[in-house]
Amino acid sequence: MGILQGKKGLILGVANEKSIAWGVARACHREGAELGFNFLGDALKKRVIPLADSIRASFVEPLDVGDDAQIDAFFAKAEARWGRLDFLVHSIAFANRESLSGHFRDTSRADFHLALDISAYSFIACARRAARLMGPGGAMVTMSYLGAVRAVPNYNVMGVAKAALEASTRYLALDLGPEGIRVNAISAGPIRTLAASGVGDFRKLMEKNARGAMLRRNVTQDEVGNATAYLLSDWASGITGEVHYVDAGFNIGGGDPGVEPSQSGSAPPAS
Ligand code: NAD
Ligand code: 0WE
């Protein structure tokens, strides 16, 4: 029996088969959960529906989290379909492409608002509607990145948005704790997804990250999915308000260690 057997959950942020949200969906489906999804616009509808069908998802509906009316309608449909909810996964971020390079000081008011609205406020907005459908044992997880707590070149206003997202995770945990609802974030290492493909020299970033990671590699969608399924499950019933790193240990390190100990011994004497 799976660790999410019989639970009903919404997963927000599947764009295609590379999405972190799809890694989460695979893990949750494998562990016995019944799932619902959103899609953003008709372009993604035809990508998300076949994926949802492949795991017999009960629910696929449009949702742009920039629009309160659409959030209301989405959760109203979830309530009509299921009546209750056990978990919510928020795997959504957006900033104007131009704000993910160049000088951070040039961030415009509009770009700041957009990044924080879609990437941080939307979690609060969805959490409020989801919590209404949850009882004790309910759980939520959102996706963050190290740029929330370190100054990562070019991540810029998204780092500020992730800092707000991580703080929101703690305040939601405080707010929903009395109702027995847990709220956590996963801080994932870099993964090649649609969102990452819009970023200049992501390959270099991934190579640097792999070198600096304790495991000397990057993480996969499935590894983030498995950790998320655990945080959503009753195995994590004592855990809330946490930011859980799934980054092969990069965040604890001091950067590229250079030559490995096994390679650094003195050369054998020439014979
Ligand atoms: P992705 O492009 O597959 O997913 C991003 C999703 O956000 C898409 O499904 C997109 O449709 C959705 N989205 C954007 N604006 C939206 C809106 N207004 N309304 C509804 N949905 C909207 O990329 P991903 O890498 O899987 O990103 C998922 C999450 O993981 C994001 O929060 C991202 O910041 C986070 N994350 C990504 C990485 C990485 O390296 N890929 C690392 C750490 C954290
Ligand atoms: O959160 C992210 C990326 C989020 C993202 C990506 C895009 C690209 C396309 C948000 N908005 C947009 N807007 C677009 O138009 N990551 C954690 C991946 C990421 O993005 C970076 C990174 C990493 C890691 C950008 C600069 C530096 C590092």
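Order of appearance sets the numbers: ligands from 1, and atoms from 1 within every ligand.
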Are [X] and [Y] side-chain neighbours, meaning at least one heavy-atom pair lies under 4.5 Å?
{"X": "Leu35", "Y": "Phe87", "result": "yes"}
{"X": "Val152", "Y": "Tyr145", "result": "yes"}
{"X": "Arg30", "Y": "Asn226", "result": "yes"}
{"X": "Lys18", "Y": "Arg192", "result": "no"}

Can an N or O of [X] be found at a distance shorter than 3.5 Å from an N or O of ligand 1?
{"X": "Thr193", "answer": "yes"}
{"X": "Pro190", "answer": "no"}
{"X": "Ala195", "answer": "yes"}
{"X": "Phe202", "answer": "no"}
{"X": "Ile118", "answer": "no"}
{"X": "Ser19", "answer": "yes"}

Can you report which non-hydrogen protein atom sits closest to [atom], along with the distance?
{"atom": "atom 18 (N) of ligand 1", "answer": "Asp64 OD1, 2.9 Å"}
{"atom": "atom 44 (C) of ligand 1", "answer": "Ser144 O, 3.0 Å"}
{"atom": "atom 27 (C) of ligand 2", "answer": "Pro153 O, 3.5 Å"}
{"atom": "atom 12 (C) of ligand 1", "answer": "Ile92 CG1, 4.0 Å"}
{"atom": "atom 28 (C) of ligand 2", "answer": "Leu205 CD1, 3.6 Å"}
{"atom": "atom 15 (O) of ligand 2", "answer": "Arg97 CB, 3.5 Å"}
{"atom": "atom 40 (O) of ligand 1", "answer": "Ile191 N, 2.8 Å"}
{"atom": "atom 20 (O) of ligand 2", "answer": "Val199 CG2, 3.5 Å"}
{"atom": "atom 23 (C) of ligand 2", "answer": "Phe202 CE1, 3.6 Å"}
{"atom": "atom 28 (C) of ligand 1", "answer": "Ser91 OG, 3.0 Å"}
{"atom": "atom 9 (O) of ligand 1", "answer": "Gly13 O, 2.9 Å"}
{"atom": "atom 19 (N) of ligand 1", "answer": "Val65 N, 2.9 Å"}
{"atom": "atom 11 (O) of ligand 1", "answer": "Leu44 CD1, 3.4 Å"}
{"atom": "atom 14 (C) of ligand 2", "answer": "Ala95 O, 3.7 Å"}
{"atom": "atom 1 (O) of ligand 2", "answer": "Tyr155 OH, 2.8 Å"}

Linking I/L/V/M/F/W/Y whenever their side-chain heavy atoms sit closer than 4.5 Å, directly or via other members, would [X] and [Y] fall into one cluster?
{"X": "Ile181", "Y": "Leu12", "answer": "yes"}
{"X": "Val246", "Y": "Trp235", "answer": "yes"}
{"X": "Leu231", "Y": "Val89", "answer": "yes"}
{"X": "Phe59", "Y": "Leu63", "answer": "yes"}

Please confirm whether the backbone N or O of [Y] pairs with a side-chain atom of [X], one donor and one acceptor, at under 3.5 Å?
{"X": "Asp86", "Y": "Lys8", "value": "yes"}
{"X": "Ser19", "Y": "Ala21", "value": "no"}
{"X": "Asn156", "Y": "Gly102", "value": "yes"}
{"X": "Arg129", "Y": "Ala125", "value": "yes"}

For ligand 1, does [X] get within less than 4.0 Å through its side chain, its backbone, both, or neither, judged by non-hydrogen atoms?
{"X": "Leu12", "result": "neither"}
{"X": "Asn16", "result": "neither"}
{"X": "Ile20", "result": "both"}

Heavy atom to atom 3 (C) of ligand 2, shortest distance: which of Ser197, Ser187, Gly147, Ala195 holds it?
Ala195
Check each of Ala93, Ser197, Ala185 against atom 14 (C) of ligand 1 and report the one with the nearest heavy atom.
Ala93
Over 60° means perpendicular and under 30° means parallel, so tell me whether Phe37 and Trp22 are parallel, tilted or perpendicular.
tilted
Does [atom1] in [X] sit with more than 12 non-hydrogen atoms of other residues, nucleotides or ligands closer than 6.0 Å?
{"X": "Arg217", "atom1": "CZ", "answer": "yes"}
{"X": "Arg47", "atom1": "CZ", "answer": "no"}
{"X": "Arg203", "atom1": "CZ", "answer": "no"}
{"X": "Lys77", "atom1": "NZ", "answer": "yes"}

Stepwise, does the side-chain contact (heavy atoms from CB on, under 4.5 Å) test hold for Arg26 with Ile55?
CA-CA 8 Å; Arg26 276 196 301 260; Ile55 59 167; 5.6 Å; no
State the atoms of ligand 1, each with its element, that fall below the 4.0 Å cut-off from a heavy-atom position in [X].
{"X": "Val14", "answer": "9 (O)"}
{"X": "Ala188", "answer": "42 (C), 43 (C)"}
{"X": "Gly189", "answer": "40 (O), 42 (C)"}
{"X": "Leu194", "answer": "2 (O)"}
{"X": "Leu63", "answer": "19 (N), 20 (C)"}

Give a yes/no on ligand 1: does [X] have at least one heavy atom closer than 4.0 angstrom to it?
{"X": "Lys162", "value": "yes"}
{"X": "Gly41", "value": "no"}
{"X": "Trp22", "value": "no"}
{"X": "Ser187", "value": "no"}

Report the part of Tyr145 (side chain from C-beta onward, or backbone N, CA, C, O) that has a heavy atom under 4.0 Å from ligand 2; answer both or neither where that applies.
side chain
Presence of salt bridge, Lys208 and Asp201, under 4.0 angstrom
no
Please report the C-alpha distance between Ile71 and Phe74 in whole Å, then the side-chain angles of each, then the deciding distance to 0.1 Å, and finally whether the side-chain contact (heavy atoms from CB on, under 4.5 Å) criterion is met.
CA-CA 5 Å; Ile71 309 181; Phe74 182 84; 5.7 Å; no
Sole residue of Val65, Thr169, Thr142 in side-chain contact (heavy atoms from CB on, under 4.5 Å) with His90
Thr142
Contacting atoms of ligand 2, where contact means under 4.0 angstrom from a heavy atom of Asn154:
26 (C)
